[in-house]
Amino acid sequence: MPELPEVETIAQGLREAVGRRIVGAEVRWARTIAAPDPTVFVQRLVGRRLLGVGRRGKWLVIRLEGGDHLLIHLGMSGRLVLEPEGVGEERYARVLLMLDDGRRVRFSDPRKFGRAVLTVDPEEVLEGLGPEPLGEAFTPERLREMLAGRRARLKPLLLNQRFLAGLGNIYTDEALWRARVHPLRRSDTLSGEEVLRLHRAIREVLAEAIDRRGTTLEDRGYVGADGRPGTFNRELAVYGRVGRPCPRCGTPIERIVVGGRGTHLCPRCQQA
DNA sequence: AAAGCACCCTGTACGC
DNA sequence: TGCGTACAGGGTGCTT
């Protein structure tokens with residue numbers, strides 16, 4: 001699933017197309033377009049030049065000439081690929097943007113959970129998001145305050161985009177493992193030392209994953225905008241590694257369900 | 001505020 | 001071989 005590092009990787013790849021003009025657009029699955037109406041969506045895109053590509057949490061923010069912003073959330077199975085001219089059709093293509101150099105931006109999404117929004121005011125979509133985990137404002141002290149003001153279990157809290165923007169199931173489990181805290185720990189019970197470890201773990205795991213261009217699991221197919229897979233899966237300590245030894249202590253990794261989400265942990269390193 | 005659940009989707013795994 | 005069913009998962013919305 002595309003989480004912060006995957007979306008960041010895609011944003012970087014998409015910057016390749018900055019300066020190009022959209023000469024055509026096609027919506028093949030109307031519900032992928034959250035707003036405006038798909039017909040209006042296409043009308044407003046065509047003729048616009050791409051001015052910049054950014055990211056906020058798991059949202060991709062594409063700034064367009066004329067003041068519009070194309071926001072894209074990849075959901076679970078979304079891919080955004082900048083493809084050269086002459087590439088064949090793809091079964092799961094939901095939205096296509098034709099560029100003036102012949103290339104196309106293809107938004108593919110087998111499970112149809114992804115969404116695109118065209119808006120002049122991105123804040124309208126993004127304002128509810130929590131802080132950027134890699135941003136300057138996300139300090140250990142800030143995290144301490146955030147955690148102290150809540151009393152939820154860590155795992156669902158870290159997955160909550162209104163609390164912190166960008167973590168998904170993979171990096172939440174990896175960060176908790178690195179910090180050596182249990183996913184069921186209540187947020188307001190962490191010691192100062194544990195908060196520091198968690199803060200550091202979140203930032204390090206995300207930064208390393210960006211360096212590796214994200215995580216591509218064998219059974220799922222995330223790829224960057226250039227079509228290349230990420231390699232952070234080689235660094236995963238717990239996610240999808242049930243029964244395999246903890247890289248730190250050798251204890252077999254366990255899987256529990258928290259808030260309906262599969263959750264991976266080392267029962268020895270991460271004591272409840 | 002926290003937590004549980006249904007829902008949106010479909011590929012895959014699994015039992016028969 | 002093929003069918004039915006459960007499940008995964010990000011996010012939203014509703015209910016308790």
Side-chain angles (χ1 to χ4, degrees), chain A residues 1-10 27-35 38 55-61 71-80 90-95 107-117 122 124-130 132-133 145-176 182-190 206 209 214-223 230 233 236 238-243 253-265 272:
Chain A
M1 316 94 255
E3 305 179 26
L4 188 153
E6 289 75 30
V7 178
E8 179 63 32
T9 302
I10 290 169
V27 176
R28 296 189 179 171
W29 183 255
R31 297 179 66 176
T32 295
I33 314 302
R55 177 195 59 73
R56 175 79 172 91
K58 300 179 196 173
W59 285 91
L60 205 56
V61 181
L71 307 188
I72 295 177
H73 194 293
L74 298 168
M76 281 187 47
S77 60
R79 285 186 183 196
L80 208 65
E90 199 261 345
R91 186 178 170 191
Y92 303 111
R94 308 300 183 198
V95 180
F107 182 10
S108 298
D109 187 18
R111 298 200 181 163
K112 302 177 176 174
F113 282 171
R115 291 293 175 261
V117 184
E124 163 186 313
V125 175
L126 307 174
E127 66 187 354
L129 293 174
E132 277 296 315
E145 291 165 5
M146 288 163 60
L147 291 169
R150 300 288 208 115
R151 46 190 310 169
R153 301 166 301 178
L154 285 177
K155 167 86 183 213
L157 193 57
L158 293 174
L159 282 176
N160 182 350
Q161 302 300 297
R162 306 180 72 87
F163 181 77
L164 186 65
L167 289 180
N169 215 29
I170 296 176
Y171 299 111
T172 299
D173 286 359
E174 292 296 316
L176 288 169
H182 197 282
L184 290 176
R185 276 289 292 285
R186 258 179 45 173
S187 63
D188 59 350
T189 68
L190 265 62
L206 293 175
T215 299
T216 299
L217 301 171
E218 292 109 36
D219 57 333
R220 274 156 278 185
Y222 154 79
V223 293
N233 43 315
L236 295 177
V238 290
Y239 189 85
R241 300 187 73 250
V242 181
I253 299 303
E254 289 182 0
R255 181 183 185 276
I256 60 176
V257 175
V258 183
R261 296 283 179 253
T263 300
H264 311 75
L265 69 142

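All heavy atoms count here, side chains included; hydrogens, waters and symmetry mates do not. What you see is a predicted model, and the numbers here were worked out from it, not measured in a lab. Below, chain A is the first sequence line, B the second, and so on; all start at residue 1.
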Give the minimum heavy-atom separation between [X] and [Y], together with the two atoms involved.
| X | Y | value |
| --- | --- | --- |
| Pro110(A) | Ser77(A) | CD-O, 3.3 Å |
| Pro133(A) | Ala165(A) | CD-O, 2.9 Å |
| His182(A) | Ile256(A) | CE1-CD1, 4.2 Å |

>> Under 4.0 Å, heavy atoms only, any strand: does Gly114(A) hit a base, just the sugar-phosphate, or nothing?
In response: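 Nothing: the residue Gly114(A), judged by heavy atoms under 4.0 Å, touches no strand.
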
Length of the [atom1]-[atom2] vector between [X] and [N], whole Å:
| X | N | atom1 | atom2 | value |
| --- | --- | --- | --- | --- |
| Leu159(A) | dG11(C) | CG | P | 8 Å |
| Leu158(A) | dA3(B) | CG | C1' | 16 Å |
| Leu129(A) | dT12(C) | CG | P | 8 Å |
| Arg151(A) | dA2(B) | CZ | C1' | 9 Å |
| Asp188(A) | dA1(B) | CG | P | 14 Å |

> Contacts to DNA chain C from residues 161-172 of chain A, heavy-atom cutoff under 4.0 Å, which residues?
Replying inline: Gln161(A), Asn169(A)

>> Side chains of Thr215(A) and Asn233(A) only: does a donor on one sit below 3.5 Å from an acceptor on the other?
In response: no

>> One character per nucleotide, please: for nucleotides 4-10 of chain B, 5' to 3', B when the base has a protein heavy atom closer than 4.0 Å, S when only the sugar-phosphate does, - otherwise.
In response: S---BBB

>> So that I can tick it off, tell me whether Glu6(A) and Lys58(A) are bridged by a salt bridge, with the cut-off set at under 4.0 angstrom between side-chain N and carboxylate O.
In response: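 Answer for the salt bridge query: no.
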
> Has His73(A) got a side-chain N or O lying under 4.0 Å from the OP1 or OP2 atom of dG11(C)?
Replying inline: yes

>> Going by salt bridge (charged side-chain N to carboxylate O under 4.0 Å, His left out), name the pairs with one or both residues in residues 149-169 of chain A, residues two or more places apart or in two chains.
In response: Lys155(A)-Asp173(A)

